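It should be emphasised that the depicted structure is a prediction, and the values quoted were computed from it without experimental measurement. First listed ligand is number 1; within each ligand, the first listed atom is number 1.
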Amino acid sequence: MLTVKGYAAQRADSSLAPFSFERRAVGANDVQIEILYCGVCHSDLHQARNDWQNTLYPCVPGHEIVGRVTAVGDAVTNFKVGDLAGVGCLVDSCKTCPSCMEDLEQFCEKGMVGTYNGPDKVLGGHTFGGYSTHIVVRDEFVLHIPETLDLAAAAPLLCAGITTYSPLRHWQAGPGKSVGVVGLGGLGHMAVKLAKAMGAEVTLFTTSEAKVADGERLGADKVVLTTNPKALAASRGTLDLIIDCVAAEHSIDLYLSQLKRDGTLVQVGAPERPLPVSVFSLIMGRKRFAGSLIGGIAETQEMLNFCGEHNITADIELIKMQEIEQAYERMLKSDVKYRFVIDMASLKA
Ligand code: NAP
Ligand code: ZN
């Protein structure tokens, strides 16, 4: 066992604060990683504050983890000490159900194990995430990070990257397709970069006037400020696919109206309350309203390799662990450019 330092929320209404806990001894199939950087996902904030009513406390968030391997079990062949390693939102699944057999571990029919707030099958209790100095993970759930990428800026690929890459691939974003992205936050800015790299024509929808120029710089062909009814009217009915990354209540009907006939609106943002949809928004034009959850391990590796080839990382602001509450407050105000990443050296000092 290894005693590690972390940061945890003890209750929905308490700030994150220092918390020490044990990581399991390295088993035959385990990889132990010293965490160097961990991205800050809006899901961390939802979970720390119990927005989804399922948080187990103490809660150590963090599922955008990159670091170096410090130990491996006897049966591990794909990692060695000193390798770069990444861990995303999943640390285990049954590996035998139909979903797992199709490399869709995120939909494991026996229940996947989340990197935090999941059932810890080895130690009992629940899992603790990447706001900590080390983690021990089953080798099949550890990813290889391309050596050419900036390590801190690569951390957000482990959740924001795969969560947007997976639906873009599933709904075949590419040349000749018009793709919309709603919300320029952590997920949204990755969706813009990835859709553009796949060859799609990209339209960004933002509520923030100050982000229009950044949207274009990040690769959007068109940026629609959603407070401008004329701009919304001009893009009505033009999109094949929309990836909606908004973390709060907003109008689904508005974005369904931006789709072409047979277009698909994919919800990846996860607001705490149900979103109303008018049936007429769907039946007029045979449109689809769909959802998507992160991605499987093989697809996460494919995404990392794609990002390595296209030199894609997140635009980040590096913070100290001690600055997490200020980062959360800025996130709630849509003031993120465009992902906070925690430098774990600040926790070790
Ligand atoms: P984020 O960085 O906070 O970005 C969210 C963006 O949504 C904001 O920057 C803002 O963009 C827009 N927005 C916020 N409030 C809005 C409102 N009231 N109306 C319209 N737009 C608003 O969050 P994130 O980390 O990208 O995560 C986004 C959501 O995805 C969260 O709910 C998170 O839990 C969820 N998530 C889901 C999955 C999955 O597997 N499905 C995985 C990871 C995260 P503008 O300023 O451009 O409008
Ligand atoms: Zn996430």
**Request:** Name the closest protein heavy atom to atom 12 (C) of ligand 1, giving the residue it belongs to and the distance to 0.1 Å.
**Result:** Gly183 CA, 4.0 Å
**Message:** Please determine whether His63 has a backbone or side-chain N, O or S atom lying under 2.8 Å from the Zn ion (ligand 2).
**Reply:** yes
**Prompt:** Quick check: are there more than 12 heavy atoms from other residues, nucleotides or ligands sitting under 6.0 Å from CD of Gln172?
**Reply:** no
**Message:** Among all the protein's non-hydrogen atoms, which is closest to atom 46 (O) of ligand 1, and how far away is it?
**Reply:** Ser208 OG, 2.5 Å
**Request:** Could you tell me if the ring centre of Phe21 sits under 6.0 Å from that of Phe128?
**Result:** yes
**Asked** Is the shortest distance from a Lys or Arg side-chain nitrogen in Lys211 or Asp214 to a carboxylate oxygen in the other one below 4.0 Å?
**Response** no
**Check: Ala270 N/O within less than 3.5 Å of ligand 1 N/O** = yes
**Prompt:** Atom CD of Glu140 and atom CG of Leu90: how far apart are they, to the nearest 0.5 Å?
**Reply:** 12.5 Å
**Asked** Which part of His46 is near ligand 1, with near meaning a heavy atom under 4.0 Å away: side chain, backbone, both or neither?
**Response** side chain
**Fill in**
heavy-atom search around atom 48 (O) of ligand 1 in the protein gives Thr207 OG1, 2.6 Å
**Prompt:** What do we get for Glu249 next to ligand 1 when only non-hydrogen atoms under 4.0 Å count, side chain, backbone, both or neither?
**Reply:** backbone
**Prompt:** What protein heavy atom sits nearest atom 39 (C) of ligand 1, and how far off is it?
**Reply:** Thr163 CG2, 3.4 Å
**Message:** Contact between ligand 1 and Arg339 is defined here as a heavy atom of the residue under 4.0 Å from a ligand atom; is it met?
**Reply:** yes
**Item:** The one among Ser251, Ser43, Ala247, Gly188 that brings a heavy atom closest to atom 34 (O) of ligand 1
**Value:** Ser43
**Message:** Any nitrogen or oxygen of Thr206, side chain or backbone, less than 3.5 Å from one on ligand 1?
**Reply:** yes
**Message:** Looking only at side-chain N and O atoms, does Gln47 offer a donor or acceptor that is under 3.5 Å from a partner on Thr55?
**Reply:** yes
**Message:** Heavy atoms only, cut-off 4.0 Å: how does Leu187 contact ligand 1, side chain, backbone, both, or neither?
**Reply:** both
**Message:** I need the single residue from His170, Glu299, Glu302 that forms a side chain to side chain donor-acceptor pair (under 3.5 Å) with Tyr165. Which is it?
**Reply:** Glu302
**Message:** Using ring centroids (six-membered ring only for Trp), state whether Tyr255 and Phe205 fall under 6.0 Å.
**Reply:** yes
**Asked** Starting from atom 23 (O) of ligand 1, which protein heavy atom do you reach first, and at what distance in Å?
**Response** His42 CB, 3.2 Å
**Prompt:** Short list, please: which atoms of ligand 1 are under 4.0 Å from a heavy atom of Ser292?
**Reply:** 39 (C), 40 (O), 41 (N)
**Asked** Strictly by modelled atom types, are Tyr328 and Asp44 linked by a side-chain donor-acceptor pair under 3.5 Å?
**Response** no
**Request:** Just need the protein heavy atom nearest to atom 30 (O) of ligand 1, so name the residue and atom and give the distance.
**Result:** Gly269 CA, 3.2 Å
**Request:** State, without any angle test, whether Arg23 and Ser132 hold a side-chain donor-acceptor pair at a distance under 3.5 Å.
**Result:** yes
**Prompt:** For ligand 1, which atoms have a heavy atom of Leu293 less than 4.0 angstrom away?
**Reply:** 40 (O)
**Item:** Check: Trp52 N/O within less than 3.5 Å of ligand 1 N/O
**Value:** no
**Request:** Assess whether atom NZ of Lys121 is packed by more than 12 heavy atoms of other residues, nucleotides or ligands within 6.0 Å.
**Result:** yes
**Request:** Would you check if the Zn ion (ligand 2) lies under 2.8 Å from any N, O or S atom of Cys89?
**Result:** no
**Asked** For Ile294, is at least one N or O under 3.5 Å away from an N or O on ligand 1?
**Response** yes
**Message:** If you measure every N or O of Val268 against every N or O of ligand 1, does any of those distances drop under 3.5 Å?
**Reply:** yes
**Prompt:** For atom 7 (O) of ligand 1, what is the nearest protein heavy atom, given as residue, atom name and distance?
**Reply:** Val246 CA, 3.7 Å
**Distance-only N or O hit between ligand 1 and Lys211, under 3.5 Å** = yes
**Validation row, ring centre His144 to ring centre Phe79 under 6.0 Å** = yes
**Asked** Has Lys320 got more than 12 heavy atoms of other residues, nucleotides or ligands less than 6.0 Å from its NZ?
**Response** no
**Request:** Of all the heavy-atom pairs spanning Ile324 and Leu16, show the shortest one and how long it is.
**Result:** CG2-CB, 3.9 Å
**Message:** Which residue and atom name correspond to the protein heavy atom nearest atom 11 (O) of ligand 1, and how close is it?
**Reply:** Leu184 N, 3.2 Å
**Item:** Nitrogen or oxygen atoms of Cys159 and ligand 1 under 3.5 Å apart
**Value:** no
**Complete:** For Gly130 and Met344, the nearest pair of non-hydrogen atoms, with its separation, is O-CE, 3.3 Å
